[in-house]
Asks: 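Below is one structure. I have some questions about it.
Residue numbers start at 1 and run along the sequence shown. If you're wondering where the values come from, they're calculated on a predicted model, not measured in any experiment. Below, each value reflects all heavy atoms present in this structure, side chains not excepted, and no hydrogens, waters or symmetry copies.
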Amino acid sequence: MDYRRCAEEIFTAVGKRENLVSAAHCATRLRLVTNDNSKVDMETLENIEGVKGVFSSNGQLQIIIGTGTVNKVYDEFLSVSGMSAATKDEVKAAAAAKQPLPKRMVKALGDVFVPILPAIVAAGLMMGLVEALGKFFPAFAGSDIYSWMDLVSNTAIVYLPVLVAISAARVFGGNIFLGGTIGMLLMHMNLLSAWTAASDPSQIQYWKILCFNIRQVNYQGHIIPIIIAIWLMCAIEKWLHKHVPEMIDLFVTPLVTVIVTAFLTMTIIGPVFIVVENNILTAVKFLLTLPMGIGSLICGAIYPLTVVCGVHHMFNVLEAGMIAENGMNIWLPVSCSANFAMCAACVAVFVKTKSVKTKSLALPAGMSAALGITEPAIFGINLRFVKPLVCGMIGAAIGAAFGSIAGVYGSAYGVTGIPGFLITTDCTVQYTIMLLISGIIAFVLTYIFWKEDAPKTEENAADGKAAKDEAPAVTWKEGTILSPVKGEVILHDQIPDGTFASGVLGAGVGIIPEEGIVVAPCDGEISTVAESKHAIGVSSPDGMEMLIHVGIDTVQMNGDGFEPLVAEGDQVKAGQVIMRFSIEKIKNAGYPTCTAVLLTNSDDYENFKVVKTGTADNCETIMTLL
């Protein structure tokens, strides 16, 4: 193969330098980000000698070339294009920057919340249980253990802005400790609680600074203002790092960053959201006066979005006013329908997903929402996957409309979901039907319309055991391929990755591993070791070219959890340990562990055959050329 010619033809087909943003490669694919994919001549690209397939994924143009070859074509491509080598992270970032703004915003929210989900899910579930116990057993609610459990359970929710600030600083590329400082500043104990301020505005005091009146109120329960503030902080910090002399950068940049961010947040960002909250309350009061439940229908649909924005606590003021006026909280159908719909959407994701990690988040998040705490369900599952959020909003809207028409109301406020039965004793039947309507609609719609972006294999294998540094070499016969991994063998068309399943990289098998160890499938030479350590190519003396690709899309893990024990050019014997990897880390990163074992030049052999599926041990014959 003429690597230079291949690179030149690819360069021309993708629109030359003016249409290229960045370029990198993995074990099998050239990964490009272009300015405009419509300028790529796909037909010409697919017909270039050496190109085995082309597809777009997550904003990247991925050109399949094959193990042991792609790195050579990539080197020539850099020479032809005059581009600098980019890491996969840089290509991924460039591709993300070209996504539509709404998609980038949703992704940013997901990136912020994914790391803090365990804290939110645990807190939400515990808060719901503690609150329910207190309502069902009034004597318990006055005990010291209840008070202690309440403190432990609500910490992550009460100080959620601090967790969000730290995580957002990481996502936006700022100093996480400066982000934490801004988060704690906006939650300072000297500031009046936002919940108290909403209930009794007369307690609010102000600082007079320049021409601004700054409210001495914290940002409890707010999410979007915190994220905007940290995005601003990161932009300021990066600008200062570029312009402040290194000699004074260490103390000038953090000082100016914190002061400017705090001032702009408290004088502009915060007040803007206060105006938004007041306008929402005015609109809601008007909507609730509309006949036939139309207003409740609209409110039920938008209520989950107010949770996303962190402004839903303002409705406590509305509910308190209703109770004071006539003892009937008619906002209850909206909040309860929305919470139960978010629960049902989560449960539908739990039932449908094949990802163990997603299941482990969805069920407790749904239980938390059923008990009235929806942040884990919304931020952990529904907003992250979008469609469950939309389906939940539809269920919430219809349930709230029914509740309004049926006359559902509460005798108190602040209690929703299943504990809501305690404050709806005059309309228990209607309340039950309302929850069923909202829940069933949300569940059914989510189950029908939501699909995982990529299929996940069921991962029932045990966690990787401590692998031995050495494994005994075995006798290998030419024309055979031994299992490099112990586990469940499936045909390559069942591998949960479109490229591997299509056979474009060669025929072979997938193996769902039981142990985190890879051995050589034959005698031969290591033809390639992926930069991200997750894939190894092996060439046998009789001409077989094999690719062992551990996990699906694990290139994104950047080598974390993988330990190759060989280098390109090393001679190996069948059964020799060539890699160790962590099954647990792959699962925790959210990727299937299915390992592709492919004969990349299988088209050269008429009699290639898979001879073993099902459970296979290391070094057991799984493919032959006989």
Side-chain angles (χ1 to χ4, degrees), residues 20-24 33 35 59 83-116 160-188 191 207 209-215 218-219 222-276 309-310 558:
L20 287 168
V21 177
S22 61
V33 177
N35 287 311
M83 300 177 69
S84 300
T87 66
K88 287 177 287 297
D89 278 346
E90 289 169 339
V91 170
K92 185 178 177 182
K98 294 182 66 60
Q99 297 293 321
L101 180 61
K103 190 171 183 178
R104 295 205 309 269
M105 293 175 66
V106 171
K107 182 181 183 302
L109 276 175
D111 290 343
V112 168
F113 277 94
V114 165
I116 59 179
L160 183 59
V162 179
L163 299 178
V164 168
I166 294 171
S167 185
R170 178 190 58 82
V171 170
F172 298 135
N175 185 298
I176 61 171
F177 299 105
L178 291 183
T181 299
I182 294 296
M184 289 185 287
L185 169 69
L186 299 177
M187 289 295 298
H188 201 285
L191 297 174
W207 286 302
I209 300 178
L210 299 178
C211 59
F212 295 97
N213 288 322
I214 301 178
R215 294 191 349 149
N218 73 15
Y219 285 76
H222 291 270
I223 300 299
I224 300 301
I226 303 296
I227 293 178
I228 294 173
I230 298 303
W231 174 83
L232 176 65
M233 183 208 82
C234 294
I236 294 171
E237 182 190 5
K238 291 174 184 177
W239 188 90
L240 289 171
H241 278 312
K242 290 181 180 179
H243 294 84
V244 174
E246 291 184 7
M247 193 174 189
I248 58 175
D249 179 63
L250 181 61
F251 61 89
V252 168
T253 295
L255 177 65
V256 174
T257 298
V258 170
I259 291 176
V260 173
T261 302
F263 185 76
L264 292 177
T265 301
M266 291 182 163
T267 57
I268 299 175
I269 298 173
V272 165
F273 270 82
I274 292 169
V275 173
V276 170
C309 295
N558 297 313

Asks: Show the nearest heavy-atom pair for residues Gly183 and Ala165, with the distance to one decimal.
Replies: CA-CB, 3.7 Å

Asks: Please say which of Ile230, Val272, Thr265, Ile269 ends up in a side chain to side chain contact (heavy atoms under 4.5 Å, CB included) with Pro225.
Replies: Ile269

Asks: Could you work out, with ring-ring contact (aromatic ring centres under 6.0 Å, His included) as the rule, every residue matching Trp207, not counting sequence neighbours?
Replies: none

Asks: His188: what forms a ring-ring contact (aromatic ring centres under 6.0 Å, His included) with it, not counting sequence neighbours?
Replies: none

Asks: Does the side chain of Trp231 come within less than 4.5 Å of Val171's, by heavy atoms?
Replies: no

Asks: So do Asn218 and Leu186 actually touch side chain to side chain, heavy atoms under 4.5 Å?
Replies: no

Asks: Decide yes or no for Tyr219 and Leu191: does some side-chain heavy atom of the first lie under 4.5 Å from some side-chain heavy atom of the second?
Replies: no

Asks: Mind listing the closest non-hydrogen atom pair of Gly179 and Ala169 along with its distance?
Replies: CA-CB, 4.0 Å

Asks: Please name all residues satisfying side chain to side chain contact (heavy atoms under 4.5 Å, CB included) with Thr267, sequence neighbours left out, ordered by chain then number.
Replies: Phe212, Ile214, Phe263

Asks: When you measure from the side chain of Glu237 to the backbone N and O of Asn175, does any donor-acceptor pair fall under 3.5 Å?
Replies: yes

Asks: Tell me every residue that passes side chain to side chain contact (heavy atoms under 4.5 Å, CB included) with Leu240, counting only those two or more places apart in sequence or in another chain.
Replies: Ile236, Val244, Thr253, Val256, Thr257

Asks: A quick test of your reading: do over 12 heavy atoms of other residues, nucleotides or ligands sit less than 6.0 Å from CG of Leu250?
Replies: no

Asks: Taking only residues two or more places apart in sequence or in another chain, which ones pass side chain to side chain contact (heavy atoms under 4.5 Å, CB included) with Ile166?
Replies: Val162, Ile176

Asks: Please name the pair of heavy atoms, one in Trp239 and one in His243, separated by the smallest distance, quoted to 0.1 Å.
Replies: O-ND1, 2.8 Å

Asks: Measure the spacing between CE of Met266 and OG1 of Thr261 and express it to the nearest 0.5 Å.
Replies: 11.5 Å

Asks: Using the test side chain to side chain donor-acceptor pair (under 3.5 Å), find all partners of Thr181 that sit at least two apart in sequence or belong to another chain.
Replies: none

Asks: In Å and rounded to the nearest 0.5 Å, what is the CD1 to CE distance from Ile226 to Met187?
Replies: 8.0 Å

Asks: Return the set of residues passing side chain to side chain contact (heavy atoms under 4.5 Å, CB included) with Leu264 (not counting sequence neighbours), or none when no residue passes.
Replies: Leu232, Val260, Ile268

